[in-house]
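Okay, structure first, notes after.
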Amino acid sequence: MTPKINIDSLQVIYPGRGRNMPVEALAGVSLAIADGELVCVVGPSGCGKTTLLRILADLEQPTTGQAIIAPDESNRPLKGMVFQGAGLFPWMTVAQNVAYGLQLRGVAPRERLTRAQHWITTMGLERFAQSYPAQLSGGMQQRAGLARAFTYDPQVLLMDEPFGALDAQTRLILQATLLDLWEQARKTVVFVTHSIEEALTLGDRVVLMSARPGRILHEVMVPFARPRDPITLRTDPRFSALFAEVWGVLRAEVEHSRTAELEMAP
Amino acid sequence: MKRTRTLSVIGPLVLLLLWEAAVRFGWINRAFLPSPSEVFHSLGELIASGQLARDVSVSLIRIGAGFVLGALPAVGLGLLMGVSPVARALIQPFAAALYPVPKIALLPLIIVVLGLGETSKIATIAISVFFLVVLNVSASVLQVDNHYFEVARSFGARPRDLFWTVALPASLPGIMNSLKLGMGFALTLIVGVEFVGANEGIGWLIWNAYEVYAIDRMLAGLVVIALLGWLLTVALDELEYLLVPWQKPSRRIKEARVGKGMGVWWNAIRIWSYTAATIPVVLGGSIAAYEGRFHHPWWLLLALIGSIAIQAGTNLVNDYYDYKKGADGPQSLGNGGSIRRGELTPRQTLGGGLLAFTIGSVIGLYLVYVTGPFIFWLGLFSVLCGYFYTAGPFALAYVGLGEIAVFIFMGPVMVIGSYYVQTQHVSGLALLASLPVACLVAAILHANNLRDLDSDRQIGKRTLATLFGRAGANLEYYVLVGGTYISLAVLVVLGLVPWLTLISLLTLPLAIRLMRIVANEHEPIKLQPVLRLTGKLHMQFGALLVLGWVAAWAWSTFG
Ligand SMILES: Nc1ncnc2c1ncn2[C@@H]1O[C@H](COP(=O)(O)OP(=O)(O)OP(=O)(O)O)[C@@H](O)[C@H]1O
Ligand SMILES: [Mg+2]
C-alpha cells in the first residue's frame, strides 16, 4: 500500500541574507506515513520540526528531495495546519475564525456557521463564539485553533506544538479531547511536540529528530491500545520504559548539540 | 481614576483663573493678550451675529470635501501599493518625494492652475491629505505580520482572498490612524488656506481678526478650531470602533448573530413613531403659510427629512447605549430594542445611528447655507442632545429629564426651526403655537414611563414618574394632556392663534378617555394601550391643528 505521506531525502537550506550564513534546517529526512496514522515528531529546539511541517503545508520549498501527500478520492482539502500559538485572526470572531477554511472554499454562510458551530460546541466554546480572540485565554484560543482545523476537515492534519504554550492541566484536557476526536475521525496526523510524554500519549509512532541540521535519529512504535486515557496511560510500566528509551537518545543529542554550539561560539 | 479626572478639570480652570487675574490686575497688557472672559464675550458676539455658524459651516464643507476627495483614492492606492510590489515601485518614489513638500507651499501653484475659488482650497486639502494617507496606508499594509498570510495560505487562500481576508482587515487599524492624521492635517491646513483669498471660513475669521487687531476675536477663532478638532476626533474614534471593533477592549460587546433585511431597520428606527417629528415640522411650515411666507416647499421637505434623520439617529444611538448600560451594569436598564431581540448587532445599531446623524447634519448644513446660521445652532444642539439622551454620564433619559428634552425638541425647537427655514426669522408666535404639541409629545413619553413605573423603580431607572410616584405621575399625565387643550384655548382667546385651530378640540373625547384609563389602572398590561393611543392622539391633534392653520390662511386669503 502506498503511504499517505511520502517524504524522501528532504533537504532544506535557508539561504543566508547579508551577513547571515545559510542555515541547513533539514539534512535528508525520509519518512513514510500511512493513511490514518498519528505520527509524533520530537526533537531539540531548532532542529527543523516546524520546517518539516511547513514543507508539507506548501509554505516552503525543499532545496532537494521531496515530500508528497497522496490525495484520496474525496473532495476534502488535502492538508490543514494547526499553528504553534493558535494563529487566529484577531479581526475575526471565534465563529468567523473557525469557519474561515469553509469561507475560502465557498461554502454558503449559513452552512459554514452551522458546521463551525458543531466544532465550537465540541471544544466547549459556545459562549465565546461571538467573541474576538483577544478576549479568550490561551487555552481557549488553542481550542479555537483546533476547531478551525477540524471544521476545515483536511485529509492530513499538521499540528505544530499546538499545546506547547499551555499549562499542564489544560494540556492534559486538550490531549484527551484530541485523542477522542482522532479516535472517531482517524485522519492522518503529523504532530510536532517537545514533550516525550505527549508524543507517547498521542502517537501511533514517535519519530525522533537530531539537532540541526535535522535528520531522523530513531523511531518508536507505541504499543498502547486505543481508546487511550492520558492519565491511566502514565501508570503503565511500558510507558516509563519507552520514555527512558526516547529520553536516552534525545539527551545524547541535546548534549551533543550544546557542545557543538559552544565550540562554534567565538 | 476619579481623582485624576477631577485634576484634569481643575488644572485648566486654575490656569484660566490665573490668566484672567493676570489681565485684570494689569500684569499682562490686554492689548496683546485679552482675558478669557473677553475671548468668551467675543465668541458670544460671533455666535449671536451668525458669523460663526456661517464660517464654521463653510470651513466644514471645505474640510469634508477635501478630506473625502483626498483620503478615498489614497486608501485605495495605498492598499494597492501595499500588496503589489509593482505598484509600489511605480508610485513610491513620487509619493515619497512629494510628501515632505509643505503642501501650503503648493497653494500658489494651485491657485494659478485652478483660480482663487473653492476648487483651489478643496484641492489643496485633498492633495495634502492624499500624500499623507497614501504613504501611511501602504506602510501599514506592509507591516502586517507575515504569519497571518501563511495561516491564510495554509487554508488555501488565493491572492484575492489574501487581500480581502487578511491584508485589508489587518491594516484597518493603520488605515484608521492615517485617516486621523489626515484629518488633523486638514484642520491645520484649512486655516492656512483660508488666510489667502478667502472671505469666509474659520481661517479667514482668524486672519481678519488679526488684520483689524481684534486679538480677542482671533483667540475666539482658535478656541473654535480646537473644538472642531476635538469633535472630529471623537467622530473618527466612533468610526474606528465601527470598523475595527476588535481593537477597543473596553468597548467590546458580544455581537449577537443577526438576521438580515431592511425590515429590522424599520423596526429599529421605530418608523411608526415619526409623526412625533413630522407634526412639529409641518406645523412650523403651516404657521409660515398662515403668515403668507411659505415659499420653499422643498426646504420644508428637507427639514422634515433632516428632523426624521435626527430622531432616527437618537433612537438607534439610544438603543445602543441602553443595551450597553444594561449589559454592563449590575441590572438591566432599558431593553435596547432591536439589539435585545437579536435583530441587529450593537455595532450595526450604533453605525446606523451615526449614519442617520450624518444624513441629518448634511441636510442641516445645506439648510444653514441656504437659510441662515440659526439652523446651525438648533441642529447642533439637537444632535448633541439626541446623542446624550442616553449616552454619557449625564444621560438625560436616566436622570428624569426625558420628558423635558422631548418637550423642548419635538415642540418649540422643531416648530421654530421649520418656521425659520421658510422665513429666516425666529418667531415668538411659533414658540407659543408649539406649546400644545410639545405637551402632547411629552405625554407620549410619559405614557411609556407610566406603564414601566414599577419595573423602572425596581431596576433603579430614574424617570419623572418614578420620582413623583403613582399619584404624582398620574397628575403629570393630566397636566400634559390637559395642558395641550388649555394652552391652545388660551392662545386662541388671547387672539394670538387663529380660532380655526380649535378644530383640534375634536380629539378631546379621546383625551378624556385616556385620562380616565390612567386614573383607574396601574398594571402595565392595562396601561399599554395608553401609550399607543397617546401617540395616536398626538397625530390626530397635530394633523387637525395644521389643518386649522392652513384653513385660517385660506380664509384670510380667499375668504
Ligand atoms: N525563514 C528562515 N530563514 C532562515 N533560517 C530559518 C528560517 N526559519 C527557520 N530557520 C532556522 O532553521 C532552523 C530550524 O527551524 P525550525 O523552526 O524548523 O525549528 P523547530 O524544530 O521548529 O524549533 P522549535 O522547536 O524551537 O519550534 C532553526 O535554526 C532556525 O533558526
Ligand atoms: Mg517550531
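Just one residue in the list A/Arg105, A/Arg112, A/Arg115, A/Lys187 forms a salt bridge (charged side-chain N to carboxylate O under 4.0 Å, His left out) with A/Asp153, and that residue is A/Lys187.
Residues A/Lys49 and A/Cys47 approach most closely at CG-SG, 3.4 Å, considering heavy atoms.
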Between A/Thr177 and A/Asp180, is the side-chain hydrogen bond (donor to acceptor under 3.5 Å, both in side chains) condition met? List the steps. CA-CA 5 Å; A/Thr177 315; A/Asp180 219 33; over 6 Å; no
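B/Arg153 forms no cation-pi arrangement with B/Tyr148, by the criterion of a distance under 6.0 Å to the ring centre and an angle within 45° of the ring axis.
Within the 4.5 angstrom heavy-atom criterion, no atom of A/Gln96 approaches chain B. Proximity to chain B involves both the backbone and the side chain of A/Pro90, based on heavy atoms less than 4.5 angstrom apart. For A/Arg148, the parts sitting under 4.5 Å from any heavy atom of chain B are the backbone and the side chain alike. Heavy-atom distances place the backbone of A/Leu88, and not its side chain, under 4.5 Å from chain B.
Per-residue heavy-atom pair counts under 4.5 Å with chain A were compared for B/Gly156, B/Pro173, B/Ser154, and the maximum is reached by B/Ser154.
Taking the centre of each ring, A/Phe83 and B/His147 come in below the 6.0 Å mark.
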